[in-house]
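Values below: all heavy atoms of this structure, side chains included; hydrogens, waters and symmetry mates excluded.
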Amino acid sequence: MSILNILSRTKLYWGLIAIFLIGVLGSPISSKGNNIFLSYGNLLDVLRQVSTTGLIATGMTAVIITGGIDLSVGSLMAICTVVCAMLLTVPGVTPAVVLGVPIVAVVALCLGILVTRFIFLNIRKSHAGSQATHAIRLDSVRGLVTPGIVGVILCSLVLWYLLPQVGSKFGVLGVLLVAPCVGLLFGALNGFIIVAGRLQPFIVTLAMMVTALGIARLTAGQNNAVLPVYTGSNATADFEILRSLVFGVIPMPGLFFLGAILIYGAVLRFTPFGRYVYAIGGNEEAARLSGIAAGRVKIATYAVSGLLAGVAAVLYVAQYRQGKPDAGAGLELDAIAAVVIGGTSLMGGRGSLTGTFCGVLIFGLLSNILQLHNINSNLQLVLKGMIIIGTVLAQERNAVDLLFYLRLVFAPLWGGQAHKETTAAKRPSKETPSLNLGGNKK
């Protein structure tokens, strides 16, 4: 393998290293002579700040690999922040309870049924051997009765745990159960409408973005633009654990982000589900003809995207001590930018969570460098946009084509030898014989 091929395959990591070196070399120095960018506290802040975007980008990666897009994740996160904050601070039957608890019951019921059927199907496939797997069917006991019983039991256990908390206030585990389930259900609804209605993901998720924003405002109430959460005061003191450092080393939001990257990355890389995701993004019709349940896989990717938006919402409430209906405004664009910077193609079929992880860090380090130098916030947006364009051009290997095109466009303005070479390239050679399509005439 040549050096150029190695550099081409590792260019994303070189980009991350370059951003890091720029931060180190250009960092301000503290009064004690220490490099502020390299300080342990600053690097922890970077990881803490990128965790929310990183969780959403993790779910977005699989959606984009299938050839889709999810514009609703910011609004879904907003709903979940409102639900989380209200469950933590307001006792009794609130709009958050009315919305969240039934959703958790439905998710638990469906999860019990699906997981049980999945286990029975895989047991049958292992016994079938070389028999065509698509021809395997479950009997009524294993396919309907037993999964239904398991689903009802799981639903009952969840309600048994949650309902006693309604009279007082929910704890950490309660909101970590309810908020992600709310996001999961809305995400699955996105996928179901896209698959069943055969609609474009852009249109469906755009409509869900607006709808979810309205639901978030209705849930919060007209007089509650912000729902404050103060641990140990109007919320349980245990909620502070989501702001703490694990073993004094890594912030809890960063641990959630790294865990999501590792788990979902392993699923996409080593399981049949991951191969199906890439196959659908490469050619959905071919994947469907080969026996892949493309609709179910796409619904699952949107459901996981919503689930991770719900997890990010809980961490947002813990980090900023508030829930609000516009908490995730514009966050979907940051997530998409991080995914694309990480090398995932918007056309589908290509990408990885390793690249997304690097893209999230590049985005986070860039923001941190600009903030350390007190760059105007509006100028920061301009610089970020230019860097995103440049990075994507490099990832898609279109930078050389762009330069060549610019040369052709501006060559007449330059004049001289460049213009002569360009026009000469366009002019046909005199030695080239012309084609006589009408035959020889004498």
Where do Ala212 and Ser75 come nearest, in terms of heavy atoms and distance? CB-CB, 3.6 Å
Hey, does Leu99 have a side-chain heavy atom less than 4.5 Å from the side chain of Ile79? yes
For the residue pair Asn368 / Asp45, report whether a side-chain donor-acceptor contact shorter than 3.5 Å exists. no
Can you check side chain to side chain contact (heavy atoms under 4.5 Å, CB included) on Val150 and Ile113, steps first, answer last? CA-CA 7 Å; Val150 173; Ile113 294 173; over 6 Å; no
Point-to-point distance, once rounded to the nearest 0.5 Å, from CD1 of Ile103 to CG of Leu184: 10.0 Å
Are Asn190 and Thr205 linked by a side-chain donor-acceptor pair shorter than 3.5 Å? no
Heavy-atom neighbours of Leu245 CG exceed 12 at 6.0 Å: yes
Just verifying a value: how many Å separate Ile250 CD1 and Arg48 CZ, rounded to the nearest 0.5 Å? 10.0 Å
Tell me whether Arg243 at atom CZ has more than 12 heavy atoms from other residues, nucleotides or ligands lying less than 6.0 Å away. yes
Leu16 and Leu365, any side-chain heavy atoms less than 4.5 Å apart: yes
Would you find a donor on one side and an acceptor on the other, under 3.5 Å apart, between the side chain of Asn35 and the backbone of Ser27? no
Phe257 side chain near Thr58 side chain, heavy-atom distance below 4.5 Å: yes
Side chain of Arg350, backbone of Gly343: donor and acceptor closer than 3.5 Å? yes
Interatomic spacing from CG in Leu308 to OH in Tyr264 - rounded to 0.5 Å: 7.5 Å
Indicate whether any N or O donor in one side chain lies under 3.5 Å from an N or O acceptor in the other, for Ser305 and Asp70. yes
Strictly distance-based, threshold 3.5 Å: is any side-chain N or O of Thr236 a donor or acceptor partner for the main-chain N or O of Phe239? no
With no hydrogens and no angle check, is any side-chain donor or acceptor of Thr81 less than 3.5 Å from a backbone partner on Ala78? yes
Check Gly254 against Leu47 and note the closest heavy-atom contact, atom names and distance. CA-CG, 4.0 Å
The single option from Thr271, Val297, Leu268 passing side chain to side chain contact (heavy atoms under 4.5 Å, CB included) against Tyr276: Val297
Gln371, CD atom: more than 12 neighbouring heavy atoms under 6.0 Å: yes
Counting only N and O atoms by type, is there a donor-acceptor contact under 3.5 Å from the side chain of Gln165 to the main-chain atoms of Gly171? yes
Check: Val63 main-chain N/O paired with Thr66 side-chain donor or acceptor under 3.5 Å: yes
Can you name the salt bridge (Lys or Arg N to Asp or Glu O under 4.0 Å) partners of Arg296, sequence neighbours left out? none
Taking the side chain as every heavy atom from C-beta outward, state whether Asp326 and Arg217 have any atom pair closer than 4.5 Å. no
Side-chain touch Val152/Leu109, heavy atoms, less than 4.5 angstrom: yes
Pair Met386-Val382, side chain to side chain contact (heavy atoms under 4.5 Å, CB included): steps then yes or no: CA-CA 6 Å; Met386 295 174 62; Val382 174; 4.0 Å; yes
Indicate the atoms forming the closest heavy-atom contact of Val73 with Met60, along with that distance. CG2-CE, 3.7 Å
Minimum heavy-atom separation for Ala300 to Phe273, with atom names? CB-CE1, 3.8 Å
Start with the C-alpha gap between Val175 and Val178, add the side-chain angles, then the distance that decides, and say whether side chain to side chain contact (heavy atoms under 4.5 Å, CB included) holds. CA-CA 5 Å; Val175 295; Val178 176; 5.8 Å; no
For Pro253, which of Val311, Leu55, Val314, Leu315 qualifies under side chain to side chain contact (heavy atoms under 4.5 Å, CB included)? Leu315
One should read off an interatomic distance between Ile299 CD1 and Leu189 CG, to the nearest 0.5 angstrom, of 10.0 Å
Quick check for you: to the nearest 0.5 Å, what is the distance between Leu157 atom CG and Leu162 atom CG? 11.0 Å
Looking at Asn234 and Pro228, would you say the former's side chain and the latter's main chain have a donor-acceptor pair under 3.5 Å? yes
If you round to the nearest 0.5 Å, how far is CD1 of Ile56 from OH of Tyr316? 11.0 Å
In terms of heavy-atom contacts, Leu154 and Ala108 come closest through CD2-O, 3.4 Å
Answer whether the closest heavy-atom distance between the side chains of Val104 and Leu177 falls below 4.5 Å. yes
If you define the side chain from C-beta out and look only at heavy atoms, does anything of Ile36 sit under 4.5 Å from Leu372? yes
I'd like to know if the side chain of Thr61 pairs up with that of Thr356 as donor and acceptor (distance under 3.5 Å, no hydrogens or angles considered). yes
Would you say CZ of Phe192 has more than 12 non-hydrogen atoms from neighbouring residues, nucleotides or ligands within 6.0 angstrom? no
Test log, rule side chain to side chain contact (heavy atoms under 4.5 Å, CB included), inputs Phe20 and Leu361: CA-CA 10 Å; Phe20 188 82; Leu361 289 183; over 6 Å; no
Does the side chain of Thr301 reach to within under 4.5 Å of the side chain of Val304, using non-hydrogen atoms? no
Taking OH in Tyr230 as the centre, count heavy atoms belonging to other residues, nucleotides or ligands within less than 6.0 Å. Is the count above 12? no
For Val360 and Ala57, which heavy atoms make the closest approach, and how far apart are they? CG2-CB, 4.0 Å
Counting only heavy atoms not in Tyr278, do more than 12 fall under 6.0 Å of its OH? yes
